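Heads up, the thing below is written out as structure tokens.
Given the structure is predicted, the values throughout are model-derived calculations rather than measurements. In the text below, chain A, chain B and the rest are named by the order of the sequence lines, each starting its count at 1.
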Number of protein chains: 2
Amino acid sequence: MSLRHALLGLLAHGPASGYDLTRAFEGGIGQYAWQAGHSRIYPELGKMTEAGLVVVDEAGPRGRKTYTLTDDGRTELRRWMLHWPEQATVRNETVLRMFLVQSLEPDDARALLEGMAEHCARERDALRAVMDADDAEHRPGDPLPFGRLAGEYGIRQYEAVQGWAQWSLERLAAGEPVR
Amino acid sequence: MSLRHALLGLLAHGPASGYDLTRAFEGGIGQYAWQAGHSRIYPELGKMTEAGLVVVDEAGPRGRKTYTLTDDGRTELRRWMLHWPEQATVRNETVLRMFLVQSLEPDDARALLEGMAEHCARERDALRAVMDADDAEHRPGDPLPFGRLAGEYGIRQYEAVQGWAQWSLERLAAGEPVR
DNA sequence: CTATCCATGTAAAGGGTTACATGATTAA
DNA sequence: TTAATCATGTAACCCTTTACATGGATAG
């Protein structure tokens, strides 16, 4: 049930409404870590309120509700962050394609791997540019923007996929039958 | 709906039963790419049969049914492999923790990052040993074992996480406030 | 004969996506 | 006044997990 923990983690940076949290999932966290839409977020915030992990400050225009972490919520977040299971939930279409590349004809496999390498090179450059811009704005002593550390991982991740695709292309080019 | 494509990809290597496919998900594909249990696999194979993507050779002990890819199934697999969307489905608890590390107290963040680095170093070594054993058994000209290419990515992936955790620890050690 | 593995299925409960539905506030 | 944005919610449908349920084949 990681949506709950994603919400706890976002609220650890300060109070937010369901609408704010929905916007947050449109950024990097939704693209790289965990997806969620408002229709799932609102009911989950309701359950978390019942469970005493968050409280509502009912005060805002248009019926806006602002949620704040409770001590129990912060404790639960810390527990989840530090005690991770050996087998974490993983669902990744890109890695699935990596497993299944050996089910394609050599020409198709080559096309897939070349496409992946190009895509990752482009995404890596784009993310590098965003992170460089963040760093340029950043004054020493200020807190890092949310997701700055994870962004650095994103760059390394794209480089890993790109390097892997090139390594795989070399194995294909060497005439090694991959299936 | 990637379970369908995972099954198509596994069946591309040869006919298999629901039981065989369930076993396949207990290996690397289930650990790194996509999880599925038999209670989801059997109904999905039924729907895929209705859709004409697979056919059943009803012949085996204990009511065993063996599924084989049809031409339509192979076409659908190829389509899905080569035409990937920009925004792929991602659900990854480890990356979620990376995003939320900035919501922890510095001591907790350090403990998390050190734990991740150690865990990845261990997993990397274990996977490297399995891949080396695969390569030792492998005769040039034989097809690569299923998942050999993806396994190489696994190694690079663990190295990327480990390198990232160490980079993040250095930023923490430098006294930079991460939140 | 007995335990283990092979083999298939269904049911219930919960998580997640898409669509439906409504209305207040603000900026142009 | 009108369009965009803020803001919340529910309903239907599908996917996923866990548990329930059954029985054949094989090895010791």
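- When rounded to the nearest whole Å, the span between NE2 of A:H38 and C1' of D:dA11 equals 12 Å.
- In this structure, the CE atom of A:M1 is 18 Å from the P atom of D:dT16, given to the nearest Å.
- The distance between atom CZ of B:R40 and atom C1' of C:dT8, rounded to the nearest whole Å, is 16 Å.
- Atom CG in B:D20 sits about 10 Å away from atom P in C:dC6, given to the nearest Å.
- Distance from the side chain of A:P61 is smallest for C:dT25 among the nucleotides C:dT25, C:dA7, D:dT17.
- Each of C:dT17, C:dC5, D:dT16 was ranked by its minimum atom distance to the side chain of A:Q35; first place goes to C:dT17.
- Distance A:I41 CD1 to D:dT10 C1': 16 Å, rounded to the nearest Å.
- Following rounding to the nearest Å, B:F25 (CZ) and D:dT18 (C1') show an atom-to-atom distance of 18 Å.
- In this model, the phosphate group of D:dT16 is approached by a side-chain N or O of A:R91 to a distance below 4.0 Å at OP1 or OP2.
- The shortest distance between side-chain heavy atoms of A:E76 and A:H5 falls below 4.5 Å.
- Remark: A:Y42 is in phosphate contact with D:dT8, judged by side-chain N or O atoms under 4.0 Å from OP1 or OP2.
- Rounding to whole angstrom units, CZ of residue A:R23 and P of D:dA7 are separated by 9 Å.
- Atoms CZ (B:R4) and C1' (D:dT16) sit 16 Å apart, rounded to a whole Å.
- Taking the six-membered ring where tryptophan is involved, the planes of B:Y153 and A:W164 are perpendicular, since the angle between them exceeds 60° and thus also 30°.
- Interface remark: the B:S39 side chain does not form any donor-acceptor pair with the D:dT16 base, using a distance-only criterion of under 3.5 Å.
- Contact annotation for B:G18: backbone-only contact, meaning every heavy-atom pair under 4.0 Å involves sugar-phosphate atoms and none involves a base.
- Taking the centre and axis of the six-membered ring of A:F25, the NZ or CZ atom of A:R23 falls outside the cone set by 45° and 6.0 Å.
- A sub-4.0 Å separation between OP1 or OP2 of C:dG15 and a side-chain N or O of A:K47 is present.
- By the 4.5 Å heavy-atom criterion applied to side chains, B:E44 and B:R40 are counted as neighbours.
- Here the side chains of B:L69 and B:V54 are in contact, with some heavy-atom distance below 4.5 Å.
- Side-chain N/O atoms of B:S17 and base N/O atoms of C:dT8 include no donor-acceptor pair closer than 3.5 Å.
- When the side-chain nitrogen and oxygen atoms of B:R62 are compared with OP1 and OP2 of D:dG24, none of them lie within a distance under 4.0 Å.
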